[in-house]
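Notes to accompany the following structure.
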Number of protein chains: 2
Amino acid sequence: MDEKDIQILATIAREGTASPDKIEEAIGIPKSTVHYRLNQLRESGVIENDLYDIDLEKVGLSITLISEVWAEFGEGYHDTVGEKLADVEGVNQVYFTMGATDFVVIAHVANRESVESLVEDYESIDEIERTSSKFVITTVKDEPNPLNDFEIETLVETLTE
Amino acid sequence: MDEKDIQILATIAREGTASPDKIEEAIGIPKSTVHYRLNQLRESGVIENDLYDIDLEKVGLSITLISEVWAEFGEGYHDTVGEKLADVEGVNQVYFTMGATDFVVIAHVANRESVESLVEDYESIDEIERTSSKFVITTVKDEPNPLNDFEIETLVETLTE
DNA sequence: ATTGAAACTTGATCGTT
DNA sequence: AACGATCAAGTTTCAAT
């Protein structure tokens, strides 16, 4: 993970594609070199696969629900309970957090009925004590690629420190 | 957005690529047809562009911070304040929510110092009254493609209803 | 590890149904 | 709108550094 890798990753984020051609065009590193680096990054697990940025509204998953979930304490329960939450259909993100709240869960569903069953699914998990959910009115930002939030120079600075 | 579109979108999510070839291989729809459909989906804004699934730990952005942010009420403030939050370097998601909390903000940063400046940045926004942040200890699940949380049959059912 | 050029695979186009 | 055949464009490989 040197500066060249970060440049490539940042370009992928910015251009929205991992095409060696496009990356060469954007930052001047020959496409065969880019290809070589991309393979390294794949092998070392830094990047996983291609995917698509989908407009949830247009696809019909217009409801976003953010839930705080409290669970009993127990050996490795943040793993087992976390997995159970992750397995609920519609659940996109599961964070296990420090402090009073145990989990933060974000889910996308199509309609009100799905919201009901979602919360029921959470609360039917044995170790779960309590949940509290917020409806999202507007998604101001939802950037699938976190690197896109940074300037390339900032990234190179902070990540090579 | 008929069943065929949903099959294609679900395959993109599952296979992690939008390659017409791979999609034909997976569900048998000829790649020229897939190509045609993908163009439609692009034009209608359902899908935006390719991107990459990046391992934040490996890339060095190992700290995730979930913040609740309360703001003053004002004409269209959820837009303007939301944008200001979205512009803070490192901020990945900004949700404007119903109920007591106004915004939920998720950010990814490299180190403790960045956490400090992140929260400072939030609180330096004029309309912001109060913030409360949680550290994420473990990211149990963070699926960039929401469609990947569903079975194809479920999707076809719920989205064509 | 890098790269220019060659080989090959794939995505995009076209014409027909 | 669907799709098989064709073409153009891209990715991947290779040999030399």
Side-chain angles (χ1 to χ4, degrees), chain A residues 1-55 58-60 144-145 147-148 152-153 155-157 159-161, chain B residues 1-55 58-60 144-145 147-148 152-153 155-157 159-161:
Chain A
M1 277 291 300
D2 62 357
E3 181 167 339
K4 208 172 268 185
D5 283 325
I6 295 168
Q7 281 185 313
I8 291 170
L9 291 175
T11 307
I12 290 173
R14 174 169 297 168
E15 304 290 325
T17 171
S19 152
D21 241 28
K22 297 275 168 55
I23 296 171
E24 167 166 9
E25 207 176 306
I27 54 176
I29 300 174
K31 61 181 178 176
S32 48
T33 305
V34 171
H35 181 252
Y36 175 82
R37 291 286 186 136
L38 284 176
N39 278 344
Q40 308 281 343
L41 289 168
R42 260 182 261 258
E43 272 166 37
S44 57
V46 176
I47 53 184
E48 265 127 60
N49 54 33
D50 298 358
L51 27 87
Y52 251 79
D53 188 3
I54 287 166
D55 188 316
K58 293 216 170 103
V59 98
N145 195 329
L147 293 187
N148 230 340
I152 293 189
E153 301 90 57
L155 274 179
V156 173
E157 255 176 67
L159 298 183
T160 56
E161 110 254 44
Chain B
M1 277 293 300
D2 61 356
E3 180 167 337
K4 208 172 270 188
D5 284 325
I6 295 168
Q7 281 185 312
I8 291 171
L9 290 175
T11 306
I12 290 172
R14 174 168 298 170
E15 303 289 325
T17 173
S19 151
D21 242 29
K22 296 274 167 54
I23 296 172
E24 167 164 7
E25 207 176 306
I27 54 176
I29 300 175
K31 64 177 181 175
S32 50
T33 305
V34 171
H35 181 253
Y36 175 81
R37 290 288 186 133
L38 284 176
N39 277 345
Q40 307 281 346
L41 289 168
R42 260 182 261 258
E43 272 167 37
S44 57
V46 176
I47 52 184
E48 267 126 61
N49 53 35
D50 298 357
L51 27 88
Y52 251 81
D53 188 4
I54 288 167
D55 188 315
K58 293 216 172 104
V59 99
N145 194 328
L147 293 187
N148 229 340
I152 294 189
E153 300 90 58
L155 274 178
V156 173
E157 255 177 67
L159 299 183
T160 55
E161 110 253 41

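Letters A, B, ... mirror the listed sequences (proteins, then strands); counts begin at 1.
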For A:D53, give me all partners under salt bridge (Lys or Arg N to Asp or Glu O under 4.0 Å), at least two apart in sequence or on another chain. none
With rounding to the nearest 0.5 Å, note down the distance linking CZ in A:R14 to CD1 in A:I23. 12.5 Å
Taken to the nearest whole Å, CD/A:Q7 to P/C:dT2 is 12 Å
Base, sugar-phosphate, or nothing: which does B:Q40 touch, judged by heavy atoms less than 4.0 Å apart? sugar-phosphate
Separation of atom CZ in B:R37 from atom C1' in D:dC3, rounded to whole Å: 12 Å
Check the distance between D:dC3's P and B:I27's CD1 and give it to me in whole angstrom. 11 Å
So do the side chains of A:T17 and B:N49 get within less than 4.5 Å of each other, counting heavy atoms only? no
Send over the distance from B:E43 CD to D:dA1 C1', rounded to a whole Å. 14 Å
Taking protein heavy atoms under 4.0 Å as touching, what does nucleotides 3-17 of chain C look like 5' to 3' if B marks base contact, S marks sugar-phosphate-only contact and - marks none? BB-----SBBB----
For a 4.5 angstrom cut-off between non-hydrogen side-chain atoms, does A:V34 reach A:T11? no
For B:P20 versus B:L38, what's the shortest heavy-atom pair and its separation? CG-CD1, 4.5 Å
Just wondering, are more than 12 heavy atoms of other shown residues or ligands nearer than 6.0 Å to CD in B:E3? no
